[in-house]
Visitor: 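This structure is in C-alpha cells; I'll ask about it shortly.
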Amino acid sequence: MEQDVISARREKLDKLRELGFRPFGHRFPRTHTCQEVHASFDQLQGPPAAVPQVALAGRIMALRSHGKAGFFDLVDQTGKLQVYVRQDRVDPQTFEAFSLSDLGDIVGVRGVVFRTRTGEDTLEAQTFEVLAKALRPLPEKWHGLRDVDTRYRQRYLDLIANPEVRRVFDVRSEATRVMREFLHGEGFTEVETPVFGSLAGGANARPFVTHHNAQDMTVYLRIATELHLKRLVVGGFEKVFEIGRIFRNEGISTRHNPEFTMLELYQAYADYTDMMDITERLISHTATAVLGSPRITYQGTSVDLTPPWPRLSMVEALRRHTGLGLEDLGDDAQACEVGRARGLDIPPHATRGMVLDKLVGEFVEPHLVGPVFLVDYPLELSPLAKRKPDNPEFVERFEAFVCGGEVANAFSELNDPDDQRQRFLDQLAEKAKGNEEAHVMDDDYVNALEHGLPPTGGLGIGLDRLFMLLTDSPCIRDVILFPLLRPLKE
RNA sequence: GGGCCAUUAGCUCAACUGGUAGAGCAUCCGACUCUUAAUCGGACGGUUUAGGGUUCGAGUCCCUGAUGGCCCA
C-alpha cells in the first residue's frame, strides 16, 4: 500500500517534469514568513492597484480541492497560512501543477493577501511551484505521530506531525543561549576541552572505549570535563566554563542517555557557597527568560525557583525524613546493617558514608520538591572535593534538587596535591574491590595541582535534566533530538 | 542485566469467553471557484512484529526471538 502511494507520487513527479517544472527546485527568495503575513496583514492590504505581492514557501499540510479552485495550508517554521489557488487567476500549467500537489510537498507561492468570508488571512496565488516533491506520505493529520519508536527514529516526522515537540527544542535552544549569555555577563570564558583522552576521569562512571588507529592507542570518551577545566584554572583562566557532550557507558532510562550535555564551570578564589549563589541565579534567570516566570510546573508539581534556595545538610535531611542520625549509623559495619534493615542493597565493603548516600538517595531525594541545596557530602563519595575544615570526614559539596531530581552538583575543589594523590589511591583500592565506577589515577592532573590550583569553586549542571524541568518532559529522550536506539533488524 | 506490558492497513485505533480482521484519516477515480477535521459518490489497501507449538479452527492460548515502553538494578 505504501508502495502504491509512492508510485502514484512518482507518476506526478514525471507529469510535473513533462509540464516543464523542476520538482526539486532551487533558491526561492521569500518576502515574508507565515507569521509576518498575519502580523502585518493590514499593511499588506490596500487599494487593489497597490496591493503588494508576497512570496512564501513551506510544506503543504492540508489540501482542500474544489475542482476549478482549491485551498491548502502552507506551513513554515513560524506558522501556517492558507493559500487559495483559482484556475482563472493562474496560467494553465501552474494550475495543473497545483492539482498534482500532495500533502507534504514543499512549495513556493507568490501572490496577494486577502481575508476570506470566514475571516481567515489567505494568500491568493499568482504563481505556484513545487520546490521539493514529497514521495512518501506523512503521518495522520489529526492524531499526529504517536508511535514512540518511530518518533525517535524518524524525528523529522515527529517534528512535522507534532508541533509541541518543536516547542521543546526551541526552549532547549533558547535556554542554552540564555545560560551562555548569563555566564559571559558574569565574566566567564567559554572553552572546549577534549572528548578523547588516554584516560577518563572527573566522575564516577564507566567510559566508552575506542581505538586510535594511527597511534595504535586506546582512547576513552570523556565522562566529565572537570579535570581539564581545573587545569585551565591552574593556567590562569579564573572563570571558565564548558557546555559539552559527556559520554557514560551505562544503562538507558527515562533519566539517562549514554550521551548527554553538561555545563561545568569553575571560579577561582571561590568555594561551594559561591556555587550555590550562581546556581540559583543561573537557573531562576534561565527559567524566567524562557518561560516568563521563575515558577515552573513539572508533572503537576509547581515550584518557585526564585533565590535564595534553602540549604540543608545531608545528615540533617536524613534525620528529618527517616529519624536516623549519624550516631545511629555507627561504624561502617553497623551502617551497612542499618541500610540493609531499611531494605537497601548495600555492597559488602560499603562505608558509613556510602550507606548515608544510599539512604538519602532512597528516602530523601525523591521527596525534595525544592528547590533545595543538600550540602556536605561524605568524603569517600567525593574524591575531588575539599574537606570541611571542622569535619574532615565530610567535604564542601552540594547537590541541588528540584522536583525530586538532581539538577546541579558542586564543590569546593580539592587543591592540595598530596591529598588528591591519596584520594586517587583510595579510589584505586575501591576499583580493586570491584567498583567499576571508581576514579582512575591521573598523575598529570596531580602534577598540575603541584603547580598551584587557586582555591576554586566548581559546578556541574546536567542540562538535559534541566530542560526536562523547563519543558515539563517526563523522559530525557523527549529533550534529546536523536536519542540512542538499537538498529532495526531486517 | 531482571520483572511487567505493548506491537493489527501508510498513520491513529477497534475486533467479547479462541469462530468470516474492521473504522477514521491518507491514497486512487468522479463531482464541486470562499473551503478550513471541506463536502458528496465510488474504489484500493492486511504474511495481525518474526519463527515455532496447541487446536477442527489462533490477532486472541503456550514457547523462543526482535523492537519499544514502564519499573527495578
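Chain letters run A, B, ... following the sequence lines, proteins first, then strands; residues in each count from 1.
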Visitor: To the nearest Å, give me how far apart NE2 (A/H256) and P (B/A73) are.
Guide: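 To the nearest whole Å, that distance equals 11 Å.
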
Visitor: B/A21 and B/U49: how far apart are their P atoms, nearest whole angstrom?
Guide: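 Comparing P positions in B/A21 and B/U49 gives a spacing of 15 Å.
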
Visitor: Taking the same atom, C1', in B/C16 and in B/G22, what whole-Å distance lies between them?
Guide: 15 Å

Visitor: Do A/Q82 side-chain and B/U35 base share a donor-acceptor contact under 3.5 Å?
Guide: yes

Visitor: Do the side chain of A/S173 and the main chain of A/F169 share a donor and acceptor less than 3.5 angstrom apart?
Guide: no

Visitor: Does B/C11 have OP1 or OP2 under 4.0 Å away from a side-chain N or O of A/K141?
Guide: no

Visitor: Using the P atom as the point on both nucleotides, what is the distance between B/U17 and B/A26, in whole Å?
Guide: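 Each nucleotide's P atom is 33 Å from the other's.
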
Visitor: What is the distance, to the nearest angstrom, from the CD1 atom on A/I60 to the P atom on B/A37?
Guide: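 After rounding, the reported distance stands at 18 Å.
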
Visitor: With P as the reference atom in both, quote the distance from B/C28 to B/G45 in angstrom, rounded to an integer.
Guide: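 Their P atoms lie roughly 16 Å apart.
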
Visitor: Between P on B/U12 and CG on A/L138, what's the gap in Å once rounded to a whole number?
Guide: 13 Å

Visitor: Write down the distance separating the C1' atoms in B/A23 and B/U64, rounded off to the nearest Å.
Guide: 34 Å

Visitor: Strictly below 4.0 Å: does A/R64 bring a side-chain N or O up to OP1 or OP2 of B/A38?
Guide: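 Yes, because at least one side-chain N or O of A/R64 sits under 4.0 Å from OP1 or OP2 of B/A38.
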
Visitor: For the side chain of A/R146, counting heavy atoms from C-beta on, which of B/U35, B/U12, B/U67 is nearest?
Guide: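 So the nucleotide nearest the side chain must be B/U12.
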
Visitor: Please tell me which of the listed nucleotides, B/A38, B/C11, B/U35, lies nearest to the side chain of A/E140?
Guide: B/C11

Visitor: Would you say A/K12 reaches B/U27's phosphate, i.e. side-chain N/O to OP1/OP2 under 4.0 Å?
Guide: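 No, A/K12 has no side-chain N/O under 4.0 Å of OP1/OP2 on B/U27.
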
Visitor: May I ask you to say what A/G144 touches in the nucleic acid, namely base, sugar-phosphate or nothing, with a heavy-atom cut-off under 4.0 Å?
Guide: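 It contacts sugar-phosphate atoms only.
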
Visitor: Could you measure between the two P atoms, the one in B/A14 and the one in B/C61, and give it in whole Å?
Guide: 16 Å

Visitor: Specify the separation, in whole Å, of atom CZ of A/F114 and atom P of B/U33.
Guide: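 So the CZ-P distance, A/F114 to B/U33, works out to 16 Å.
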
Visitor: What's the closest nucleotide to the side chain of A/A69 if the choices are B/U35, B/U12, B/U33?
Guide: B/U33

Visitor: With a 4.0 Å cut-off on heavy atoms, is A/R115 in touch with a base, just the backbone sugar-phosphate, or nothing at all?
Guide: nothing

Visitor: By nearest heavy atom, map A/K80 and A/L103 onto RNA chain B; which one lands nearer the 5' end?
Guide: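 Its nearest nucleotide being more 5', the pick is A/L103.
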
Visitor: Grab the CG-P distance between A/N162 and B/U12 for me, whole Å please.
Guide: 10 Å

Visitor: How far does the P atom of B/G1 sit from the matching atom of B/G65, given to the nearest Å?
Guide: 12 Å

Visitor: If you check every side-chain atom of A/A62, which of B/G68, B/A38, B/C34 has the closest atom?
Guide: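 Closest nucleotide to the A/A62 side chain: B/A38.
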
Visitor: Kindly point out which of B/U12, B/U67, B/A37 is positioned nearest to the side chain of A/H143?
Guide: B/U12

Visitor: Take A/R9 and A/Y152, find for each the nucleotide of RNA chain B with the closest heavy atom, and name the residue whose nucleotide sits nearer the 5' end.
Guide: A/R9

Visitor: Determine the Euclidean distance between corresponding C1' atoms of B/G52 and B/C5; express it in Å to zero decimal places.
Guide: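 Pairwise C1' distance, B/C5 against B/G52, rounds to 23 Å.
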
Visitor: Suppose we screen for side chain to side chain contact (heavy atoms under 4.5 Å, CB included). Which residues come up paired with A/V303, at least two apart in sequence or across chains?
Guide: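 With sequence neighbours excluded, A/V303 shows a side chain to side chain contact (heavy atoms under 4.5 Å, CB included) to A/I296, A/T301, A/L305, A/V369, A/P371, A/V402, A/C403, given in chain and number order.
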
Visitor: Please say whether the positively charged group of A/R115, taken as NZ for Lys or CZ for Arg, lies over the ring of A/F41, i.e. under 6.0 angstrom from the six-membered ring centre and within 45 degrees of the axis.
Guide: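 Relative to the ring axis of A/F41, which defines the angle, A/R115 lies inside both limits.
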
Visitor: Between the base of B/U33 and the side chain of A/D88, is there any donor-acceptor pair under 3.5 Å?
Guide: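 Looking at the base of B/U33, it does pair with a donor or acceptor on the side chain of A/D88 (distance under 3.5 Å).
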
Visitor: Counting heavy atoms from C-beta on, name the nucleotide in B/U35, B/U12, B/G68 closest to the side chain of A/R486.
Guide: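 Selected nucleotide (nearest to the side chain): B/G68.
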
Visitor: Quick one: are A/L470 and A/L291 in side-chain contact, heavy atoms under 4.5 Å?
Guide: yes

Visitor: Determine whether A/K15 and A/E11 satisfy the following criterion, salt bridge (Lys or Arg N to Asp or Glu O under 4.0 Å), listing intermediate values before the conclusion.
Guide: CA-CA 6 Å; A/K15 283 183 195 157; A/E11 282 172 28; 5.2 Å; no

Visitor: State whether A/T254 places a side-chain N or O below 4.0 Å from either non-bridging phosphate oxygen (OP1 or OP2) of B/C71.
Guide: yes

Visitor: With respect to the side chain of A/S65, which nucleotide from B/U12, B/C32, B/U35 is positioned closest?
Guide: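 Looking only at side-chain atoms, A/S65 lies closest to B/C32.
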
Visitor: Say whether A/Q422 and A/D426, considering side chains only, have a donor N or O and an acceptor N or O under 3.5 Å apart.
Guide: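 Yes, A/D426 and A/Q422 have a side-chain donor paired with an acceptor closer than 3.5 Å.
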
Visitor: Does the base of B/U33 carry an N or O that pairs as donor and acceptor with the side chain of A/R86 under 3.5 Å?
Guide: yes

Visitor: Is the backbone of A/L463 close enough, under 3.5 Å, to the side chain of A/R172 for a donor and an acceptor to pair up by distance?
Guide: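 No; zero donor-acceptor contacts below 3.5 Å.
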
Visitor: My understanding is that only residues two or more places apart in sequence, or in another chain, count here; which of them pass ring-ring contact (aromatic ring centres under 6.0 Å, His included) with A/F71?
Guide: A/H66, A/Y84

Visitor: Please list every stem that involves RNA chain B, where a stem is a run of 3 or more consecutive Watson-Crick or G-U wobble pairs with both pairing distances under 3.5 Å.
Guide: B:1-7 with B:66-72, B:10-13 with B:22-25, B:27-31 with B:39-43, B:49-53 with B:61-65

Visitor: B/U39 P sits how many Å from A/L63 CG, rounded?
Guide: 13 Å

Visitor: Check the distance between B/U7's P and A/D149's CG and give it to me in whole angstrom.
Guide: 14 Å

Visitor: With distance as the sole criterion, is a donor-acceptor pair present between the side chains of A/D478 and A/Y152 under 3.5 Å?
Guide: yes

Visitor: Could you walk me through whether A/R352 and A/E380 satisfy the salt bridge (Lys or Arg N to Asp or Glu O under 4.0 Å) test, starting with their C-alpha distance in whole Å, then the side-chain angles of each, then the deciding distance to 0.1 Å, before giving a yes or no?
Guide: CA-CA 9 Å; A/R352 185 179 68 165; A/E380 58 269 43; over 6 Å; no

Visitor: Give the rounded distance in Å between these two atoms: NE2 of A/H66 and C1' of B/U39.
Guide: 8 Å

